[in-house]
Amino acid sequence: FAIAIALGAVGGYLSVDMAPPAPAASIATDPSPPPAVPQASDEGNYGPDWPVCRDMSNDPMIRFRACNNVLAQGGLTTSHQSWALNNRGTANLGMHNVEAAVKDYTAASKIDPANASPYLNLANIALQYGRLAEALELADKALALSPSEYGYCARAAALRDFGRVAEGLAAIDAAEKLGPLSDCSKLVRADLLEMRGQNGEALLALADVGEDDQAASHGACRRARLQA
C-alpha cells in the first residue's frame, strides 16, 4: 500500500525529484494495505467526476483523470481538496508513479493537516523503501489524528523492521481492539511471533490469511517457512 517525500510538514523524506532507493530487506515483503481513504459526513457534490475520484475500485487512470478534473474546476472545500489530492495520489501509485503520488499525498497533508489518510499512505511508501524512522513517525501522526487498524499495522511493520518485537505486537493488539484484523496485521503479527521464536502461534496467526491472491501467496510462503 497503501504508503512520502519532500515533506516540509513532518521532516526529511525521500525527495520527489530523486529516484527511490531499492527497498530495504525485511523479514518478509508485505502486501500493501489498501490506501487510506478520507471519510466525512459531508461528502460534497462537485459533478460527475467527484464520485469517480472517490471510488477506489476504479481503474487508476480513470480515477486519476476524474480527480484531476475535480481539482482543476476548483471550488472545493479545504477538506475535499485534500481528499481529491489524496485519491489522485493513490491513482498515481496504482500507475507506479511513486514520485507523483508522494507529491499529491504531501500536498493533501499540508492543505488539511487533520486528514489522517495522506500521512498513512506516506507511511506505507516510506516503509516500502526502508525509511523506517519516517514510516513510524508518519504512522504515529496518522494514528494520533484517527486511530485505525491499518495505521496500527503500519506502525507494527516499522517496529518489526526495527526489531522492536514487543512494541510491534502491542500495536497489533491495539489494532485488534478496533475490529477484525486485516491480512496486513495478521502477516505482521506472524512475523513478530516468529521473531520471538513462537512459531506455533505464528502459524495460528496465518490460519485465515487470504483476502486476495497476493495476501494468500504471502501467507502460504510464511506457512511453508514455519513448517520447514
Side-chain angles (χ1 to χ4, degrees), residues 1-26 29-38 49-50 52-74 76 78-143 145 148 150-151 153-155 157-158 161 184 214:
F1 5 112
I3 57 156
I5 309 175
L7 294 180
V10 187
Y13 298 87
L14 176 64
S15 172
V16 294
D17 59 3
M18 65 183 284
S26 65
T29 303
D30 302 313
S32 299
V37 183
D49 283 314
W50 181 234
V52 179
C53 173
R54 296 191 60 206
D55 186 351
M56 304 304 287
S57 67
N58 281 324
D59 176 83
M61 177 59 75
I62 293 173
R63 193 166 67 249
F64 172 83
R65 289 172 177 164
C67 293
N68 229 23
N69 291 341
V70 169
L71 288 163
Q73 77 183 21
L76 283 72
T78 298
S79 63
H80 290 154
Q81 188 178 2
S82 181
W83 288 20
L85 283 164
N86 179 82
N87 290 6
R88 188 175 71 179
T90 300
N92 273 311
L93 201 60
M95 296 185 291
H96 309 291
N97 192 342
V98 178
E99 293 180 1
V102 165
K103 188 174 181 180
D104 280 341
Y105 290 147
T106 303
S109 70
K110 289 181 177 179
I111 287 170
D112 183 6
N115 182 358
S117 294
Y119 293 113
L120 181 53
N121 289 326
L122 289 168
N124 288 328
I125 290 175
L127 184 63
Q128 289 296 316
Y129 289 107
R131 307 248 178 189
L132 302 183
E134 291 92 337
L136 185 56
E137 183 179 3
L138 285 160
D140 285 345
K141 174 71 172 178
L143 287 167
L145 291 168
S148 68
Y150 286 117
C153 183
R155 173 176 169 77
D161 290 355
C184 174
Q214 183 188 34

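When only modelled atom types and interatomic distance are considered, Asn92 and Asp104 share a side-chain donor-acceptor pair under 3.5 Å. Neither side chain, Tyr105 nor Ser117, offers a donor N or O lying under 3.5 Å from an acceptor on the other.
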Leu120 and Leu138: CA distance, side-chain angles, deciding distance, side chain to side chain contact (heavy atoms under 4.5 Å, CB included) verdict: CA-CA 6 Å; Leu120 181 53; Leu138 285 160; over 6 Å; no
Evaluation steps, side chain to side chain contact (heavy atoms under 4.5 Å, CB included), between Asn87 and Met56: CA-CA 8 Å; Asn87 290 6; Met56 304 304 287; 4.0 Å; yes
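Expressed to the nearest 0.5 Å, how far OH of Tyr150 lies from SG of Cys153 amounts to 8.0 Å. We find the OH-CD distance between Tyr129 and Glu134 to be 14.0 Å, quoted to the nearest 0.5 Å. Between atom CG of residue Leu122 and atom NZ of residue Lys141 there is a gap of 12.0 Å, rounded to the nearest 0.5 Å. Rounded to the nearest 0.5 Å, atoms CD (Glu137) and CZ (Arg131) are 13.5 Å apart. From His80, atom NE2 reaches atom CG of Asn115 across 10.5 Å, with rounding to the nearest 0.5 Å. Rounding to the nearest 0.5 angstrom, the gap separating the OG atom in Ser57 from the CZ atom in Arg63 is 8.0 Å.
The shortest heavy-atom contact between Tyr119 and Pro113 is CE1-O, 3.5 Å. Here the shortest heavy-atom pairing between Ala139 and Ala123 reads N-CB, 3.7 Å. Considering every non-hydrogen atom in both Val102 and Thr106, the closest pair reads O-OG1, 2.7 Å. Minimum interatomic distance between Ala154 and Leu127 (heavy atoms only, all atoms of both residues): O-CD2, 4.4 Å. Across all their heavy atoms, Ala107 and Leu85 have their closest contact at CB-CD1, 4.0 Å.
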Side-chain donor/acceptor pairs under 3.5 Å, residues 64-71, sequence neighbours excluded:
{"residue": "Asn68", "atom": "OD1", "partner": "Arg88", "partner atom": "NH1", "Å": "2.5"}
{"residue": "Asn69", "atom": "ND2", "partner": "Asp49", "partner atom": "OD2", "Å": "3.3"}
{"residue": "Asn69", "atom": "ND2", "partner": "Arg65", "partner atom": "O", "Å": "3.3"}

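In this view, Arg155 and Asp140 satisfy the salt bridge (charged side-chain N to carboxylate O under 4.0 Å, His left out) rule, not counting sequence neighbours.
Without hydrogens or angle criteria, Asn86 side chain to Ala108 main chain gives no donor-acceptor distance under 3.5 Å.
Contact check for Leu136 versus Leu132: no side-chain heavy atoms found under the 4.5 Å cut-off.
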